[in-house]
Every structure is written in C-alpha cells, then in structure tokens.
2 protein chains.
Amino acid sequence: MTHRAAPEHTHPDKVPLITALDALGDPVRLQLVRELAASREWTRSCGSFDVPVRKAALSHHFSVLRAAGLVEQRDDGPKRVNRLRREEFDERFPGLLALVLRGD
Amino acid sequence: MTHRAAPEHTHPDKVPLITALDALGDPVRLQLVRELAASREWTRSCGSFDVPVRKAALSHHFSVLRAAGLVEQRDDGPKRVNRLRREEFDERFPGLLALVLRGD
DNA sequence: GGGAGTGTACGACCCGCATCGAACAGTCGG
DNA sequence: CCGACTGTTCGATGCGGGTCGTACACTCCC
C-alpha cells in the first residue's frame, strides 16, 4: 500500500472571483499557468517549470493554483504531472484565461 | 492660485496585466470598482463609498486603482469625483471588467 | 478671515505571504 | 534493498502591503 495522498482540488465552480484574481496576481503563478498552457496535458511535472523559486515555494504555488481551480494534478510514478483546467475554468470565468494567455 | 496637484493617472494601455489583476485582487478595491460601476460618472466622491477603511487607506486604494488604469479622478470643489474607465480598460483587457461586475 | 469638509502625505505598526533549508514520504530503477 | 529522484511539510525569516492616526493642503461657505 502506502499510496500517496491525492492532492486536494477545488472545482472552478466553487472558486470565488477574488480567489482567482489573487491566484493569477502573482508573477510566479502567472508564469506557471502560461507555461502550462503551452504544453500538452499531463506532460509537465512540477519541477519542470522555469521559475526562479525552490521546490518548497513551488509546491506552495501549485497548492494555490489547485485551490483556485486552475490546475489539476495526477500522480505519475514519482512525479506529479499537471493539467490546466481550460474548459472548466473558462466556463466559470469566461475570458479570464484567454486574457492571461494573450501574452502582453 | 494654489491649484491642487492633479492626481497622477495611468492609461490602461500602459498597464501590465499583472498590475490589473493585483489591483482587482483586493476586497476593498473590488468593492470600490463595483460600487463605482453602479453609479453615474463623476458623481461619486472618494469618501462616499461603503468600505470598512479610514480615509488614509482609502486614498491609497484609489492611488492603486488610478495606477491600474481603472479609475479616473477629477477635482470638483473640495471633493474629488471618480469615473470608472470602462471603455479604455475594456479595450485593454477585454472581458475583465465584465467579469468583475458580473457579481457572483 | 475663519471654520467645516475633503483628500493627501508621512511615519508607524502589523499581519500575511513568499521564500528558504531541512527533514520526511513515496516511487522507481539498478 | 538501497540510492536517486520528486514533491510535501514544517518551522523560521524577511519583506511588502494594508491599515491607522496625525498633520497638512486645498476648497467652499458663512
């Protein structure tokens, strides 16, 4: 046994607007979302992102992104791979994700 | 003479996305924007908003909103009246304001 | 001119958050 | 079974942002 505890997710439907704005209002998390959006689903492990923070902080940021309904995670061997919740999040906050990914 | 110094404004065009998200990611400022959106332009003075902070903090929040290109201010006698920059801001960040004003 | 009203500037305080290092848990491959 | 790798958790730290009180500037009206 000894399964790893599944990460706690929050569906975008239950996310207050201010939580979403707050989650996206951080440079590191914004970068994570953008980089994740540019990758195929379930291909990026947490440590594979180009952000200037150590893994402890990184783990924290992913926790915030999960709580904001932006990211879904799944265990894949020793790694934890990620997926951007495009459709669900966009249905809850139409256009917000598009705005974030619109570069500039 | 002794004109009052005109408040410093930033046009939405020059506002980075993260600045806008950060400005809207605060409960007090979110309330200010919403309340302002529900009023006719140039009718609300800074002190006329129903927020649980004193005027020093209030002044700070309006400074942030100006810097984010969300609010325009004009001196009207002893008061300083406000206007939500709907069109300009929406052109810069399409849909974001709508999202904020969509209540829920 | 004086007083009331409005908003800004300044300094101080404080709480929260982002960060880190280290220790731990789980997984896989040799 | 042991070591390398990945990510979480914990406690500690530092700093930035939100808040306040006070003092100040400006405007209007009496």
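Just so it is clear: chains get the letters A, B, ... in the order the sequence lines come, proteins before strands, and each one is counted from 1. Since we're looking at a predicted model, the values are computed, not measured.
- Salt bridge absent: B:Lys14 and B:Glu88 never bring a charged side-chain N and a carboxylate O closer than 4.0 Å.
- Distance CZ (A:Arg44) to P (D:dG7): 11 Å, rounded to an integer number of Å.
- A salt bridge links A:Asp75 and A:Arg80; the closest N-O separation between the charged side-chain nitrogens and carboxylate oxygens is under 4.0 Å.
- Each of A:Ala57 and B:Ser59 has a nearest nucleotide on DNA chain C; the 5'-most of these lies closest to B:Ser59.
- Put simply, A:Leu32 and A:Val81 are part of two different groups of oily side chains (I, L, V, M, F, W, Y) that touch within less than 4.5 Å, one to the next.
- Looking at the side chain of A:Arg66, the nearest of the listed nucleotides D:dT8, C:dG26, D:dC20 is D:dT8.
- For the pair A:Gly47 and B:Val53, nearest-nucleotide mapping onto DNA chain D gives the more 5' position to A:Gly47.
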query: Does the pair B:Arg66 and B:Glu8 meet the rule for a salt bridge (charged side-chain N to carboxylate O under 4.0 Å, His left out), with working shown?
result: CA-CA 7 Å; B:Arg66 284 196 310 267; B:Glu8 298 177 5; over 6 Å; no
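- Rounded to whole Å, atom P of C:dG21 lies 11 Å from atom NZ of A:Lys55.
- In the set D:dT8, C:dT19, C:dG21, D:dT8 carries the atom at the smallest distance from any side-chain atom of A:Arg80.
- Ranking C:dG7, D:dG18, D:dG7 by closeness to the B:Arg29 side chain, first place goes to D:dG18.
- Residue B:Arg4 places no side-chain N or O under 4.0 Å from the OP1 or OP2 atom of C:dT8.
- Contact annotation: A:Ser45 reaches the phosphate of D:dG7 (side-chain N/O to OP1 or OP2, under 4.0 Å).
- If you take NE2 of B:His3 and P of C:dT6, they are 22 Å apart, rounded to a whole angstrom.
- Taking atom CD of B:Gln73 as the reference point, atom C1' of C:dT8 lies 11 Å away to the nearest angstrom.
- Between A:His61 atom NE2 and D:dT9 atom P the separation is 15 Å, expressed in whole Å.
- Side-chain proximity of B:Pro78 to D:dC28, C:dA18, D:dT8: nearest is D:dC28.
- Checking D:dT19, C:dG21, C:dT6 against every side-chain atom of B:His60, the shortest atom distance belongs to D:dT19.
- Closest approach to the B:Asp26 side chain among C:dA18, D:dG18, C:dG7 is made by D:dG18 (side chain taken as heavy atoms from C-beta onward).
- Rounded to a whole Å, the NZ atom of B:Lys79 is 12 Å from the C1' atom of C:dG7.
- Contact detail for A:Phe93 and A:Val15: the closest heavy-atom pair is CZ-O, 3.3 Å.
- One atom, CG of B:Asp75, and another, C1' of D:dA25, lie 12 Å apart when rounded to the nearest Å.
- Following rounding to the nearest Å, B:Asp76 (CG) and C:dG7 (P) show an atom-to-atom distance of 10 Å.
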